[in-house]
2 protein chains.
Amino acid sequence: MNKHHTDMEVRAHADHHASLRLWLRLLSCTTRIEDTIRQRLREQFDITLPRFDLMAQLEREPQGLSMSELSRRMMVTGGNVTAIVDQLEKEQLVLRQTQVGDRRSFTVSLTSAGREAFAAMALAHEGWVVELLSPLADQEQTQLHQLLGTLKSGPPTQPKEKT
Amino acid sequence: MNKHHTDMEVRAHADHHASLRLWLRLLSCTTRIEDTIRQRLREQFDITLPRFDLMAQLEREPQGLSMSELSRRMMVTGGNVTAIVDQLEKEQLVLRQTQVGDRRSFTVSLTSAGREAFAAMALAHEGWVVELLSPLADQEQTQLHQLLGTLKSGPPTQPKEKT
DNA sequence: TATTGTTATACTCTATAACTATA
DNA sequence: TATAGTTATAGAGTATAACAATA
């Protein structure tokens, strides 16, 4: 088109629209996949995403986590963690154990039933993710992973530094 | 999306499938950006994302849209559209007009105050998006856009049109 | 009968803040 | 006083379903 006479302002404007289109596509792709996963978790395991996430946190830490540590890791406030742990405990998927040194605090961990249930859910979950990302070839997935890494952390050539 | 703010990437295990790591990174990046935009819209314009989205739909269709068309485009059920339009109409940002041919239906459109307010918000919004995507160079953004196009529509051997 | 839109209701997820028990 | 956790409440955001008016 007008490559030879590109005005910086025009180009900047066009780039802005390009970023906006990229963002809308990013949002649309992610939302579609997340909604599918949420719906399948609900239908097949009768579980919500935050509950799944909490169990995933516990699965990574077999020795258990305190309520406040769960709150910190899930980046939600304490009251919400209480509610989720209440539900999961009622279903005997997690367990509150009192601490020896500090009687204000609990250690929350998966029960064996919880570990078993989570293993089945995580397996299905991984299969769905593989399925939903399958339009991209392995090499494209690697490329996408790298680009998102840059988006997340800034470019590897210019890492965040204090100047 | 609404959404929890967990950094989902921490759920990744070394032995998880590469697709799962990709998905967690995709979700994490998108959620982080969306939460930032949602917060800024709230703080600076006292508006929610669904209300912003509804106004964006109307801005693209100056002749207006019916409630059911808004519902279809926003992919939420009719009752929700009624509630959002009620709020925006109370603030005189949008207008319901009765149809001539079908007295069941309304045409919803932006008022001039609504167009003005939306223009300011859209400008800020676009600036935020440019800022939040700025870790990626233009060429990387193009690459990402293409990869997400493939993810959305399936492989080029099985195209499905639409952007 | 079907469609457009509204109303009523409920559930999840979230935050804030007051509260209890313990440190 | 400070911290760990709970409870109470409120408000988005969503869905379903019953409903009224109109086609």
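For the numbers below, each heavy atom of this structure counts, side chains included, while hydrogens, waters and symmetry mates do not. Within every chain, numbering begins at 1; the chains are lettered A, B, ... in the order of the sequence lines, protein sequences first and strands thereafter.
- In the set D/dT22, C/dT6, D/dA15, D/dA15 carries the atom at the smallest distance from any side-chain atom of B/Thr77.
- The side chain of A/Asp86 lies closest to D/dT7, out of D/dA23, D/dT14, D/dT7.
- As judged by a 4.0 angstrom heavy-atom cut-off over every strand, A/Arg42 is placed among residues touching the sugar-phosphate backbone only.
- Mapping B/Ala83 and A/Thr48 onto DNA chain C by nearest heavy atom places B/Ala83 at the nucleotide closer to the 5' end.
- Between the NZ atom of A/Lys90 and the C1' atom of D/dT6 there is a distance of 15 Å, given to the nearest Å.
- Applying the side-chain contact (heavy atoms from CB on, under 4.5 Å) test to B/Arg115 and every residue at least two apart in sequence or in another chain returns B/Leu110, B/Ser112.
- Counting non-hydrogen atoms under 4.0 angstrom, B/Asn80 reaches a base of the nucleic acid.
- Residues B/Asp86 and B/Lys90 are not paired through a salt bridge, judged by the lack of any N-O separation under 4.0 Å between the basic side chain and the carboxylate.
- For A/Ser105, counting side-chain heavy atoms from C-beta on, the closest listed nucleotide (D/dG5, C/dT14, D/dA15) is D/dG5.
- Nearest to the side chain of B/Phe106, among D/dA23, C/dG5, D/dA15, sits C/dG5.
- Between the side chain of B/Arg103 and the base of D/dT22 there is no donor-acceptor pair of N/O atoms closer than 3.5 Å.
- Distances shown here put every side-chain N or O of A/Ser66 at or beyond 4.0 Å from the OP1 or OP2 atom of D/dA4.
- Taking 4.5 Å as the limit, some side-chain heavy atom of B/Leu58 sits within range of a side-chain heavy atom of B/Leu70.
- When each of C/dT6, D/dA12, D/dT7 is scored by its nearest atom to the side-chain atoms of A/Thr82, the top-ranked nucleotide is D/dT7.
- Looking at heavy-atom distances under 4.0 Å, B/Arg96 makes contact with sugar-phosphate atoms alone, never a base.
- Candidate nucleotides C/dT22, D/dG13, C/dT6 were compared by shortest atom distance to the side chain of A/Arg104, and C/dT22 ranks first.
- Of the listed nucleotides (D/dT6, D/dT14, C/dA15), D/dT6 has the atom at the smallest distance from the side chain of A/Met67.
- If you look at B/Phe52 and B/Phe45, their ring centroids are not closer than 6.0 Å.
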